[in-house]
Amino acid sequence: MSKDSPFLTAAPVLVPMPAERAYTYAVPQGMCVAPGSVVRVPLGPRLVAGIVWDGEAGSVDARKLRPIEQVFDCPPINHDMRRFIDWVSQYTLSPPGMVARMVLRAPEAFDPEPWTPGLRLSGGQPDRMTGARERVLAIAAGGLSWTRSGLAHAAGVSSSVIDGLKAQGVFETVMMPPLPVVAAPDTTYAVAELTPDQRLAADELCACVRAGGFKVSLLDGVTGSGKTEVYFEAVAAALEQGRQVLILLPEIALTHAFLERFQNRFGVKPAEWHSDLPPRMRERVWRQVAQGTLKVVAGARSALFLPFDNLGLIVVDEEHDPAYKQEDRVFYNARDMAVVRAHIGGFPVVLASATPSVESQVNAQQGRYGRVVLSARFADAALPNLRTIDMRRAPPAKGSFLSPLLLQEMGRVLERGEQSLLFLNRRGYAPLTLCRSCGHRFGCPVCSSWLVEHRFRGQLVCHHCGHTEKKPEACPDCGTLDHLVACGPGVERIAEDVKEHFPDARTIVLSSDIAGGVRRLRLELEAIAKGDADIVIGTQLVAKGHNFPNMTLVGVVDADLGLANGDPRAAERTFQLLSQVTGRAGRTGKKSLGLLQTYQPEHPVMQAIISGDSELFYAREIAERERTGLPPFGRLAGIIVSAPMRAEAQGHARALRLNAPEASDIFVLGPAEAPLSLLNGRHRFRLLVHGERRSDLQGFIKAMLAAGPKVRGQIRVQVDIDPQSFL
DNA sequence: AGCACGCCGACT
DNA sequence: GTCGGCGTGCTC
């Protein structure tokens with residue numbers, strides 16, 4: 001560069017794009033940047049936000065070199081965060097720019113929040129006093145500045161009263177700094193009364209927080225044991241040390257109810273962070289987190305990429321929840337990345353769950369993670385009495401799916417005026433439709449799964465890719481009329497079944513395809529809690545969170561569902577789901593019952609559920625994984641297929657699950673809708689495999705490619721990278 | 001990821 | 001004759 005060039009230096013900048021390394025930009029004379037600075041740079045035809053990166057600027061053709069447009073006036077992305085971005089990038093095999101993109105996903109947050117106009121008493125008097133004016137003046141008398149609407153609201157008057165006073169010079173306008181999203185939590189607001197059990201657990205977590213330094217604790221407590229109250233104490237301890245806290249929740253658990261519990265303890269709600277936060281709020285939260293003014297964020301997995309200034313604790317609630325896995329763009333499990341982030345930052349992390357994942361359980365057993373156990377439910381929340389119903393001995397009547405034993409209990413519950421829950425994790429009416437005349441089965445034309453009948457809507461729906469068609473009168477194959485028959489039950493069909501046995505009972509079906517969306521669902525849940533239904537029939541949506549005080553019977557229609565689908569996590573998932581569902585009963589102090597309809601009552605999952613002995617289940621599961629060669633924790637395998645080949649990819653994923661025991665987690669990515677044409681070889685896909693034994697994986701990939709359709713593409717294998725090997 | 005360029009099928 | 005589908009390539 002010539003001596004009088006306006007650009008003195010060049011700097012590496014990570015741009016939000018899948019480039020393998022930072023791009024190089026010229027730094028205009030007089031501009032001051034350092035690693036971490038958030039900058040605006042030209043990229044192709046547009047301007048984007050990037051992060052000035054560490055290390056030397058790469059050498060780039062001087063004609064390509066473009067200048068940094070602007071350094072944003074916002075806190076730089078700190079050193080720990082930059083190391084975190086690098087680590088996640090390496091671990092997930094994603095370009096660092098794509099990880100940076102997740103950090104910078106608050107488009108307008110990089111410029112300082114504008115000051116807002118406010119009002120303050122000037123000392124002048126109004127021409128004439130009215131009741132409304134008196135109230136306003138009394139409120140404003142403290143000498144503080146108010147926003148126009150804030151003051152109106154506080155005084156209980158309309159804002160035109162304020163305008164009137166302002167016009168008479170009673171108020172003067174002053175500019176106010178941006179308000180915090182929420183006020184600082186008060187750790188002494190309502191100190192929880194803990195049981196001795198909870199106290200012990202809380203003290204242990206608080207000790208970790210006060211000692212500082214990296215430490216993972218698995219907080220393992222049965223449903224209803226008060227895990228939240230316990231980890232709130234750890235949150236309080238971190239706050240008292242002046243540190244920020246992140247509470248990660250599965251998106252679905254980020255409810256009003258949770259925020260309220262936090263408020264009951266700390267006097268204010270935590271800041272929220274999730275995918276449909278309004279843009280304005282997004283910006284404010286991002287910025288205030290970076291400045292360190294926001295102390296607690298409760299967020300979905302993406303909150304892990306917020307640029308905290310002084311993070312001192314992460315809590316991962318429901319750590320086993322599959323919602324922590326992001327399965328597009330950058331593939332990661334937020335629970336594991338939280339552990340990594342805590343390690344980089346040198347602070348503790350709490351993983352909480354009533355049904356920990358097998359890998360966390362193993363980590364705790366092997367001493368990598370500390371374990372804090374809450375064994376007892378508190379107060380009157382007794383555990384329900386759980387039993388299996390052997391469907392071979394007590395089969396349902398023809399055309400029904402409910403065993404006489406379950407129906408009998410439902411009848412008793414109904415007589416007592418209490419509520420029953422029937423759980424079946426399958427939406428729609430019937431999972432398979434076939435023609436009695438020719439045997440034709442209705443399959444999805446897009447992917448390879450069966451079409452599920454939705455009788456209320458009169459449609460056949462693919463639950464895999466979303467394909468929908470009208471249910472025909474005649475068989476499309478042989479043309480025979482009225483010979484189509486539904487096989488197997490979905491919740492709609494169970495509702496029909498229930499109606500036949502209990503015609504007068506008020507029944508309600510809850511599944512994710514309920515008309516009216518989230519709002520309607522919330523109303524229905526409230527109605528049920530109030531006692532407006534006798535029998536609730538629901539999919540896994542009823543398993544989470546909600547408490548129904550009058551629910552004394554939970555019947556699992558098909559406890560075996562999900563055990564035989566070839567997924568290595570099938571048993572674990574079923575165990576977790578059934579634990580949650582049966583936990584819906586017995587929170588009342590009333591005698592309650594859980595009944596599991598199963599054809600394999602001797603199965604370890606059923607045994608573990610009815611005995612309440614989860615250790616039994618984990619021991620069996622870990623032994624089973626050792627026997628089959630599936631690693632007990634940490635290692636994950638992923639198959640990533642770029643659009644538009646999801647359906648074929650599902651086939652590969654199934655093969656991967658069956659053939660590669662090390663594939664404990666399998667990701668498939670790609671838009672579902674596009675029709676696929678793998679066979680013509682015009683598409684490309686990418687297969688990424690994380691695993692333990694290189695030779696096994698390579699052997700598997702070779703076998704898969706030899707067996708599969710003609711695929712040209714890029715294959716990368718990376719081995720031996722689980723969070724543990726990092727620690 | 002976004003965006004422009006470029007090549008083959010159905011239509012104002 | 002164009003409009004528009006998506007496959008390909010590029011961004012410091």
Side-chain angles (χ1 to χ4, degrees), chain A residues 1 5-29 31 33-72 82 85-86 88-89 92-110 275 279 282 302 305 326-332 446 640-649 667 669-686 688 709-714:
Chain A
M1 228 175 277
S5 159
F7 306 124
L8 293 180
T9 52
V13 175
L14 217 47
V15 287
M17 200 214 23
E20 285 304 325
R21 46 159 297 141
Y23 278 0
T24 304
Y25 283 86
V27 182
Q29 192 160 24
M31 182 183 278
V33 295
S37 299
V38 182
V39 292
R40 194 206 297 273
V41 291
L43 182 68
R46 64 217 156 97
L47 289 169
V48 296
I51 305 170
V52 176
W53 214 237
D54 306 76
E56 293 293 303
S59 51
V60 176
D61 185 344
R63 279 167 310 193
K64 272 188 158 184
L65 199 65
R66 298 168 78 182
I68 293 173
E69 187 97 358
Q70 175 196 356
V71 184
F72 286 107
R82 299 201 302 279
I85 293 172
D86 273 336
V88 172
S89 159
T92 61
L93 306 179
S94 346
M98 290 304 284
V99 183
R101 186 175 174 271
M102 300 195 292
V103 175
L104 297 176
R105 258 199 319 212
E108 304 299 320
F110 315 129
S275 54
R282 222 180 160 71
S302 59
F305 293 92
Q326 171 143 77
E327 307 198 8
D328 63 296
R329 299 184 178 104
V330 179
F331 288 51
Y332 66 92
V446 181
I640 304 178
V641 180
S642 70
M645 304 199 311
R646 191 185 179 97
E648 270 75 4
F667 299 114
L669 126 96
E673 314 76 27
L676 308 171
S677 48
L678 198 101
L679 282 166
N680 68 16
R682 287 175 64 193
H683 300 290
R684 277 201 315 207
F685 86 98
R686 206 154 69 106
L688 306 183
K710 274 169 279 173
V711 171
R712 63 195 174 88
Q714 164 199 5

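Values in this document were obtained by computation on a predicted structure and should not be read as measured data. So you know, we letter chains A, B, ... as the sequences are listed, proteins then strands, and number each from 1.
- Remark: A:Ala19 pairs with A:Met17, A:Tyr23 by the side-chain contact (heavy atoms from CB on, under 4.5 Å) rule, at least two apart or across chains.
- Taking atom CG of A:Leu14 as the reference point, atom P of C:dT11 lies 17 Å away to the nearest angstrom.
- With A:Pro16 as the fixed residue, the side chain to side chain contact (heavy atoms under 4.5 Å, CB included) test singles out one of A:Ile51, A:Val99, A:Val103, A:Val48: A:Val48.
- At whole-Å resolution of the value, CE in A:Met17 and C1' in C:dC12 are 8 Å apart.
- By the side-chain hydrogen bond (donor to acceptor under 3.5 Å, both in side chains) test, A:Ser37 pairs with no residue at all, sequence neighbours left out.
- When the ring pair (Phe, Tyr, Trp, His ring centres under 6.0 Å) test is applied to A:Phe305, the partners found at least two apart in sequence or on another chain are A:Phe84, A:Tyr332.
- Sorted by first and then second residue, the salt bridge (charged side-chain N to carboxylate O under 4.0 Å, His left out) pairs with a member in residues 49-61 of chain A read A:Asp54-A:Arg82, A:Asp61-A:Arg63; sequence neighbours excluded.
- Interface residues of residues 40-48 of chain A facing DNA chain C, ordered by number: A:Pro42, A:Leu43, A:Gly44; criterion, heavy-atom separation under 4.0 Å.
- For A:Arg46, the salt bridge (charged side-chain N to carboxylate O under 4.0 Å, His left out) test picks out no residue, with sequence neighbours left out.
- Checked against side-chain contact (heavy atoms from CB on, under 4.5 Å), A:Ser302 has the following partners two or more places apart in sequence or in another chain: A:Arg105, A:Trp273.
- Applying the side-chain hydrogen bond (donor to acceptor under 3.5 Å, both in side chains) rule to A:Gln70 yields the partners A:Arg40; only residues at least two apart in sequence or on another chain are considered.
- For residues 50-61 of chain A, proximity to DNA chain B is found at no residue, defined as any non-hydrogen atom under 4.0 angstrom from a strand atom.
- If you check every strand for non-hydrogen atoms under 4.0 Å, A:Pro16 touches nothing.
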Residues A:Ile85, A:Trp53; criterion side chain to side chain contact (heavy atoms under 4.5 Å, CB included); working and verdict: CA-CA 11 Å; A:Ile85 293 172; A:Trp53 214 237; 3.8 Å; yes

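- Taking the 5' to 3' direction, DNA chain B first and last meets chain A under 4.0 angstrom from a heavy atom at B:dA1 to B:dC3.
- One can place OH of A:Tyr23 at 11 Å from P of C:dC10, the figure rounded to the nearest angstrom.
- For residues 10-19 of chain A, no residue pair satisfies the side chain to side chain donor-acceptor pair (under 3.5 Å) rule, not counting sequence neighbours.
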